[in-house]
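These notes are about the structure you will find just below.
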Amino acid sequence: MAFEDNQQLTRIFEEIADFLELQGENIFKVKAYQKAARGLEGLERSVTELYRSGALASMPGFGKALVEKVSQFVDTGEVELHQELKSSFPPEILHLMDVPGLGAKKAALLYKELAIGSVDALEKALREGLVTDIKGFGKKTVDKLLEGIALLRQGEQRWLLGRVSQLAEDLLGRLRALPMVERAEAAGSLRRGKETVGDLDLLVITSSAEEVMKFFSGLGEVIGSGPTKTSIRWEGTFQVDLRCVPAESFGAAMQYFTGSLDHNVALRGRAKRMSCELNEYGLFDALGQCIASETEEEIYAKLGLPWIAPELRESGAELEWEKQPQRLELSQLRGNLHTHSLWSDGTDTLEQLAEEAQRRGYQYLAITDHSRSMVVANGLSIDRLLAQGEEIARLNRGFQNDFRLLWGSEVDILGDGSLDFPEEILARLDFVVVAVHSQFSMSPEAMTERICRGISRPHVDVLAHPTGRKINRRVGYQADWEKVYQVAREHGVALEINCSPRRLDLNDKAARRARDCGCMISLGTDAHSLPEFEYLPLGVLQARRAGIEATSLLNHLSWEQLRTRRPHLADV
DNA sequence: GCCGTTTTCGGCCCGACTGTTTTCAGTCG
Ligand SMILES: Nc1nc2c(ncn2[C@H]2C[C@H](O)[C@@H](COP(=O)(O)OP(=O)(O)OP(=O)(O)O)O2)c(=O)[nH]1
Ligand SMILES: [Mg+2]
Ligand SMILES: [Mg+2]
Ligand SMILES: [Zn+2]
């Protein structure tokens, strides 16, 4: 959920950091602002509310000065220091540092020597050969910067998690097929399960790094390549980093390359305080002896910590938790609670869906085709819904095992908050998912009221894709989500983590909040075709990032337990 | 600017690759 205040302040802190770095300020001061900005990005609550509740100061990285900055922001919507810095530089200057290969030092030099204050001005100066007069700007640097500008202009966004997972499978497959490759694994933000991924990070154990680098360099445009590390641009756009380490360093290297940055800094700081040193090759004691390196578990253990799940390695605060959550496993899910068939806008028959679900070992599958108002999606009329119910009953009688299809519906929450099917129809269904699919532009108050009305109706099980966001396409609609969670909890309605890679809605942070508010969570692939069943693990990753355990998941319930939510239905 | 098994000053993670460097700074992971 996009907390607008968090986003604005994140940006302000990032810009303060950049301005200060340009000015040559103490680098640790710069890092303090950068860390605070990342902290805000990962925050599952509104920073305004957190500040008002007085709890902000307990967030790592927020000391006296930064809390004061937040205070200014809450009162005025701005931060004085930010305004001052902004007015003392050309408006576009920070974009210089968006050019790959151009950092604060070089940007400052360009500004000081040639008054270059924008990417356009830089490009012009580079082409006219003006910058070669500056110390440190040779021919190669000029070419690299021109390339960097071209790349920046491509405007490539972060890729969706699902897309990078597929690329990783492809590239790992090719690497593992090489005879000299012992192991190849994905790390970085992909392994942490972030909803979008900036680049793909691959770790390889090999007897011949040289050969692996040579092979890898052939897969894309080479950005840089040395004996242990090569970076390429896949299809000229998306960066892939490959790192090689000796076999005995596998655990240390996975730990390093998985990150996050803040997690690594916190862990290495901890090692240091224990008179040790941690890097990607291992954990070393005061005498320089390696005391752990082969597995992540050993490294965390030697530092007095439990193994921390990659999905939870973000701010570094996770090192201080008294207890890590029980990690959710895919195998703990007994079914998929949001799917579409040929009856509405899916591509497969009920038989095909049931077969696929059984192949995956599910105990149940909820068929949740669209309701009658969703004309574009071939939504079901009441007559067709009832006919589908008979078909599902017939199929259920035929299964040899204890597998069952749940007769469900994805019922539209109409503009006024009423549902698209009457109560007596919902009462007959096994499973009811409700969702907003139309009339997105409403005031937050009206949207809150609408959703709360919708989920307050009897027989509703799940609020699907609650915020309506589509990653890199559109932000979700605004509403008072705390209120929605509260009403959902009161009515026993679960919040969905929609597993579709473009949605992942609720997102990790919102799901954590919803769970903290006492809501159950439901994982649904929203599959419109069989391959989309593969989306379920993406949702599991988000649930893990939210610290959600199996006990909070509707999907963890057996069919019999789910059934107790509908005591009025006859036994089957 | 933050923060405390080094406690209120003095550190703050650590290494790879590049370019123009004659010994290392800048940028990035
Ligand atoms: N110790 C240390 N590790 C770092 C640093 N920067 C990056 N790493 C590690 C942790 C990162 O997760 C990992 C990969 O770096 P990336 O820049 O690709 O970041 P990450 O994959 O986390 O996010 P992304 O989605 O690619 O932006 O390398 C650093 O400054 N210090
Ligand atoms: Mg990465
Ligand atoms: Mg990377
Ligand atoms: Zn759906």
Side-chain angles (χ1 to χ4, degrees), chain A residues 13 16-17 20-22 24-37 39 56-70 79 81 96-110 131-132 134-145 147-148 187-189 198-203 209 213 217 222-232 239-245 249 252-253 255-284 286 303-304 315-317 319-320:
Chain A
F13 283 172
I16 290 177
L20 292 178
E21 200 179 2
L22 266 184
E25 235 326 334
N26 180 324
I27 192 63
F28 297 105
K29 186 167 169 178
V30 171
K31 286 179 179 183
Y33 279 98
Q34 288 170 340
K35 187 178 171 198
L56 183 64
S58 63
M59 241 179 95
F62 284 79
K64 209 164 165 245
L66 277 154
V67 171
E68 162 59 19
K69 301 289 185 294
V70 176
V79 174
L81 175 61
L96 286 179
M97 289 187 278
D98 294 339
V99 177
L102 186 54
K105 288 279 159 58
K106 283 206 162 87
L109 217 51
L110 289 165
V131 304
T132 37
I134 310 177
K135 194 156 156 262
F137 285 79
K139 170 97 178 62
K140 283 189 172 169
T141 303
V142 168
D143 289 347
K144 207 169 126 184
L145 290 180
E147 240 178 79
S189 50
D199 71 351
L200 174 55
D201 302 294
L202 302 175
L203 178 67
M213 295 308 178
S217 296
V222 176
I223 303 166
S225 184
T228 76
K229 194 174 118 177
T230 294
S231 294
I232 62 165
Q239 185 169 331
V240 185
D241 294 336
L242 183 138
R243 186 72 202 266
C244 288
V245 295
S249 294
Q255 194 292 309
Y256 151 72
F257 218 21
T258 298
S260 69
L261 167 62
D262 289 317
H263 180 88
N264 286 359
V265 170
L267 200 64
R268 289 172 178 207
R270 183 186 179 93
K272 212 165 179 176
R273 285 194 300 280
M274 296 170 73
S275 305
C276 292
E277 188 173 81
L278 176 64
N279 58 33
E280 61 266 51
Y281 299 105
L283 178 63
F284 303 86
L303 292 170
S315 73
L319 302 190
E320 313 302 331

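Quick note on labels: first sequence line is chain A, next is B, and so on, each numbered from 1.
- Using Watson-Crick or G-U wobble geometry with both donor-acceptor distances under 3.5 Å, B/dG10 finds its partner in B/dC3.
- Out of B/dT6, B/dC14, B/dA16, the shortest distance to the side chain of A/R273 is found at B/dT6.
- Ring-plane geometry between A/F62 and A/F13 is classed as tilted, the angle between the planes lying from 30 to 60 degrees on a 0 to 90 degree scale.
- At the phosphate of B/dT20, OP1 or OP2 sits under 4.0 Å from a side-chain N or O atom of A/T141.
- Close to B/dG1, at under 4.0 Å from its OP1 or OP2, lies a side-chain N or O of A/Y33.
- Atom CD of A/E320 is separated from atom C1' of B/dT5 by 13 Å (rounded to the nearest Å).
- Nucleotide B/dC14 holds its C1' atom 18 Å from the CZ atom of A/R270, rounded to whole Å.
- In this structure, A/K35 atom NZ and B/dC12 atom P are separated by 14 Å, rounded to whole Å.
- Here A/Y281 does not reach the OP1 or OP2 of B/dC13: none of its side-chain N or O atoms lies under 4.0 Å away.
- Under the 4.5 Å side-chain criterion, counting only non-hydrogen atoms from C-beta, A/Y256 is in contact with A/R268.
- The CG atom of A/L109 sits 12 Å away from the C1' atom of B/dA25 (whole-angstrom rounding).
- For A/Q239 and B/dG29, the shortest distance from a side-chain N or O to OP1 or OP2 is below 4.0 Å.
- In terms of heavy-atom proximity, A/S189 sits nearest to A/D199 at OG-O, 4.3 Å.
- Nucleic acid contact class of A/N279 (heavy atoms, under 4.0 Å, all strands): sugar-phosphate only.
- Distance noted for atom P between B/dC3 and B/dG19: 39 Å (whole Å).
- Counting any heavy atom pair closer than 4.0 Å across all strands shown, A/K135 reaches no nucleic acid atom.
- Nearest to the side chain of A/F28, among B/dG1, B/dT27, B/dC17, sits B/dG1.
- A/D201 comes within 4.0 angstrom of sugar-phosphate atoms only, judged by non-hydrogen atoms across all strands, and of no base.
- Residue A/K106 places its side chain closer to B/dG26 than to any other of B/dG26, B/dG1, B/dC13.
- Across all strands shown, A/L102 has heavy atoms under 4.0 Å from sugar-phosphate atoms exclusively, and none from any base.
- Across all strands, A/A104 comes closer than 4.0 Å only to sugar-phosphate atoms, never to a base (heavy-atom distances).
- Of the P atoms belonging to B/dC28 and B/dT20, the separation is 16 Å, rounded to the nearest Å.
- Using atom P as the reference point in both B/dG15 and B/dT22, the two lie 26 Å apart (nearest Å).
- Between A/A187 and A/T258, the closest heavy-atom pair is CB-OG1, 3.8 Å.
- If A/K31 and A/V67 are placed on DNA chain B by their nearest nucleotide, the residue sitting closer to the 5' end is A/V67.
- Within the 4.0 Å cut-off from OP1 or OP2 of B/dC2, not a single side-chain nitrogen or oxygen of A/K29 is found.
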Practice task
Starting from the C-alpha separation in whole Å, work towards a yes-or-no answer on side-chain contact (heavy atoms from CB on, under 4.5 Å) for A/L96 and A/L22.
Solution key: CA-CA 11 Å; A/L96 286 179; A/L22 266 184; over 6 Å; no

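- For A/E280 and B/dC28, the CD to P distance is 18 Å, given to the nearest whole Å.
- An OP1 or OP2 oxygen of B/dG26 is reached within less than 4.0 angstrom by a side-chain nitrogen or oxygen of A/K105.
- For A/V265, taking side-chain heavy atoms from C-beta onward, the closest of the listed nucleotides B/dC13, B/dG1, B/dG29 is B/dC13.
- Heavy atoms of A/S231 sit nowhere under 4.0 angstrom from any nucleic acid atom.
- Across all strands, A/L261 comes closer than 4.0 Å to base atoms (heavy-atom distances).
- Here the separation of B/dG11 from B/dT6, taken at their C1' atoms, is 9 Å to the nearest Å.
- Taking 4.5 Å as the limit, every side-chain heavy atom of A/K35 sits out of range of all side-chain heavy atoms of A/V265.
- Which of B/dG29, B/dC14, B/dG1 sits closest to the side chain of A/E277 comes down to B/dC14.
- Proximity of A/K64 to the phosphate of B/dC3: no side-chain N or O atom is located under 4.0 Å from OP1 or OP2.
- Toward the 5′ end of DNA chain B lies the nearest nucleotide of A/K140, the other residue of the pair A/G103 and A/K140 mapping further downstream.
- With values rounded to the nearest 0.5 angstrom, A/L283 atom CG is found 11.5 Å from A/S249 atom OG.
- As rounded to the nearest Å, B/dT21 and B/dC14 have P atoms that lie 30 Å from one another.
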